[in-house]
Amino acid sequence: MNVPLLDLKPQYETLRAEIEPVLLEICASQGFILGPRVKECEEKLAAYCQTARAVGVSSGSDALIISLMAEGIGPGDEVITTPYTFFATVGAIARVGATPVFADIDPATYNIDPALVEARVTPRTKAIIPVHLYGQCADMDAICAIAKRHNLLVIEDACQAIGAEWQGRRAGSMGDYGCFSFFPSKNLGCFGDGGLVTTNDAAKADRLEIFRNHGMAPRYYHHAVGGNFRLDALQAAVVSIKLPHLDSWSAARQANAARYARLFEASGLLASGDIRLPAPPAPGNRHIYNQYIVRARRRDALEAYLHEHGIGCAIYYPVPLHLQECFASLGHKEGDFPESELAAKETLALPIYPELTDEMAAAVVDAIAAFYRA
Ligand SMILES: *Cc1c(COP(=O)(O)O)cnc(C)c1O
């Protein structure tokens, strides 16, 4: 049986009748840039994320860049983040000319370890960007406490974590800014690129709205150099239509994670130590499983075997950011962030998308068991 890592088509089929007429309506109107559809989408998402405001932008990467830009963070400034994340987190810091400063991860959650953050604060530090990796929030109580002590901004990279909760609070509502992505493979994906910044501060939201449109207000009067970071009506409409389904999709992902735990337990792969499962989220937290990440013995050989046998899987991320060629000037070497390096060597993402069936999940675990038996 072939099992893809992610298949977006079954979700589209359930929503096709709802989405297609709206897309055609927008085409007929020929009104594509910002406008009422974007405003409606922003209002719905602010409510969902439990924030005062939300500003639609062109991507998750741009959500991070515009948050840094709106705060005037640039050359000479330092921003503390994790070296184990998607490139865009660290790319955004570099793009505005600031210096990324890394703190290693907690190996149980893959999120930045707050115990390692404070030692990285210098007089040049302006912000912390915790990443809620794979759909689980970083320890926001500890991170916000450090930020408060040192008067730093907190920009949440919540691109993989829409609807995730830390002690009952939603991702994107705890820091100064929350950055989200509607890239199709995220839990709430649009039909192209799109993103969002959430904030509880009206002045910050107003500034983001100006920055996403070339720093312009009113038309052709420019306060600052922003950029074209706008969300378009087609993407906003797709997000608005999908949003009411998001919680049921997240629940299906959680059920899939629970099913994997039962199947792996029964397989003997946990007892043998060949596979280690993700730790269950702490009480009061909500994990939305954008990815289901296991640690595997002989990971690279397992990955190759699964691909040969039609089982989708992927390595997120094979090279931590401090060892990437483009950041060589930061002067890091192997061994600087050992937990991130170990995660990069040991982890494998398995299919977790909502429509995954019992048979498919069983096929994934059977194939892994067959690999370790061979
Ligand atoms: C996807 C992602 C981004 C970037 O989002 P895009 O919409 O693809 O630009 C940033 N950070 C993390 C952690 C992501 O997973």
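Side chain of E78 to main chain of P100: no donor-acceptor pair is present (N/O by atom type, distance under 3.5 Å, no hydrogens or angles). Under the 3.5 Å distance criterion, the side-chain polar atoms of R286 are matched with a main-chain donor or acceptor of G163. The backbone N or O of D247 lies less than 3.5 Å from no partner atom in the side chain of S250, so there is not a single donor-acceptor pair. When atom types are taken as modelled, the side chain of Q254 and the backbone of H287 share a donor-acceptor pair closer than 3.5 angstrom. No side-chain donor-acceptor contact under 3.5 Å links R124 to the backbone of D77. Of the possible donor and acceptor atoms, none in the side chain of Y84 sits under 3.5 Å from a partner among the backbone N and O of E339. For the pair Q160 (side chain) and L133 (backbone), a donor-acceptor distance under 3.5 Å is absent. The main-chain N or O of L116 is never found under 3.5 Å from a side-chain atom of D104 such that the two would form a donor-acceptor pair. Remark: side-chain polar atoms of H223 are paired, donor with acceptor, to backbone N or O of A217 under 3.5 angstrom. Counting only distance, with no hydrogens or angles, the side chain of Y260 and the backbone of P351 share a donor-acceptor pair below 3.5 Å.
R169 and E165 are not joined by a salt bridge, as no carboxylate oxygen comes within less than 4.0 angstrom of a charged side-chain nitrogen. Ion pairing between a basic and an acidic side chain is recognised when a charged N comes within 4.0 Å of a carboxylate O; E355 and R253 show no such pairing. With respect to the salt-bridge test (charged N to carboxylate O, under 4.0 angstrom), the residues E71 and R207 qualify. Classification of R16 and E13 as a salt-bridged pair holds, one side-chain N sitting under 4.0 Å from a carboxylate O. With respect to the salt-bridge test (charged N to carboxylate O, under 4.0 angstrom), the residues R259 and D358 qualify. A salt bridge links E334 with K345; the closest basic N to acidic carboxylate O contact falls under 4.0 Å. A salt bridge does not link R297 with E346: none of the charged nitrogens is closer than 4.0 Å to a carboxylate oxygen.
If you take CD on Q235 and CZ on R37, they are separated by 13.0 Å, rounding to the nearest 0.5 Å. To the nearest 0.5 Å, atom CG of residue N200 and atom SG of residue C49 are 10.5 Å apart.
The shortest side-chain heavy-atom distance between T198 and R53 does not fall under the 4.5 Å cut-off. Side-chain contact check for T81 versus D157: every heavy-atom pair is 4.5 Å or farther apart. Inter-residue side-chain proximity for D176 and I155 is flagged as unmet; no heavy-atom pair is nearer than 4.5 Å. By the 4.5 Å heavy-atom criterion applied to side chains, L277 and I275 are counted as neighbours. Residues T89 and I129 form a side-chain contact, since some pair of their non-hydrogen atoms from C-beta on lies under 4.5 Å apart. With a 4.5 Å cut-off on side-chain heavy atoms, V121 and I128 do not count as touching. K39 places none of its side-chain heavy atoms less than 4.5 Å from the side chain of K44. Residues C313 and H307 are in side-chain contact: their nearest non-hydrogen atoms beyond the backbone lie under 4.5 Å apart.
Here the closest heavy-atom approach between residue N256 and residue Y353 is recorded as ND2-O, 3.0 Å. Closest heavy-atom contact between G194 and L231: CA-CD1, 3.8 Å. Taking each heavy atom of A257 and I352 in turn, the nearest pair found is N-CD1, 3.6 Å. Of all heavy-atom pairs spanning F32 and D232, the tightest one is O-CB, 3.2 Å. I311 and M1 make their closest contact through CD1-O, 3.9 Å (heavy atoms, listed as atom of the first residue, atom of the second, distance). Among all heavy-atom pairs drawn from V55 and A205, the shortest one is CG2-O, 3.9 Å.
Checking H322 against E341 by side-chain atom types alone, a donor-acceptor pair falls below 3.5 Å. Side-chain N/O atoms of S59 and D193 include no donor and acceptor closer than 3.5 Å. In this structure, a donor-acceptor pair under 3.5 Å is present between the side chains of S272 and D274. Under the 3.5 Å distance criterion, with hydrogens and angles disregarded, no donor-acceptor pair is assigned to the side chains of E43 and Y48. A donor-acceptor pair shorter than 3.5 Å can be found between the side chains of N285 and Q167.
Between Y289 and Y134, the ring centre distance reaches or exceeds 6.0 Å. Two rings, from Y12 and F191, have their centers less than 6.0 Å apart. Taking the six-membered ring for Trp and the full ring otherwise, H332 and F102 have centroids separated by under 6.0 Å.
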Query - Worked verdict on E118 versus H150 for side-chain hydrogen bond (donor to acceptor under 3.5 Å, both in side chains) - result: CA-CA 9 Å; E118 204 149 21; H150 298 276; 2.7 Å; yes

Requested in this report: Please lay out, stage by stage, how H132 and C159 fare under the test side chain to side chain contact (heavy atoms under 4.5 Å, CB included).
Outcome: CA-CA 8 Å; H132 305 320; C159 286; over 6 Å; no

Query raised in the report: N187 and W249: side-chain hydrogen bond (donor to acceptor under 3.5 Å, both in side chains), yes or no, with the steps?
Result: CA-CA 8 Å; N187 287 23; W249 295 332; over 6 Å; no

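There is no path of hydrophobic side-chain contacts, each under 4.5 Å, that joins L64 to F87. Connection of L8 to V3 is established within a shared hydrophobic cluster, with ILVMFWY side chains joined at heavy-atom distances below 4.5 Å, either directly or through further cluster members. Hydrophobic clustering (side-chain heavy atoms under 4.5 Å, transitive across Ile, Leu, Val, Met, Phe, Trp, Tyr) groups Y292 together with F371. Both I146 and M140 sit in one connected hydrophobic cluster of ILVMFWY residues. Membership requires side-chain heavy atoms under 4.5 Å apart, directly or through other members. Residues V197 and I65 share a hydrophobic cluster, clusters being chains of Ile/Leu/Val/Met/Phe/Trp/Tyr side chains in contact below 4.5 Å.
Residue-environment remark: CZ (R219) stays at or below the threshold of 12 foreign heavy atoms within 6.0 Å. Within 6.0 Å of the CD atom in E20, the count of heavy atoms belonging to other residues, nucleotides or ligands exceeds 12. For CZ of R120, the number of neighbouring non-hydrogen atoms (other residues, nucleotides, ligands) closer than 6.0 Å is greater than 12.
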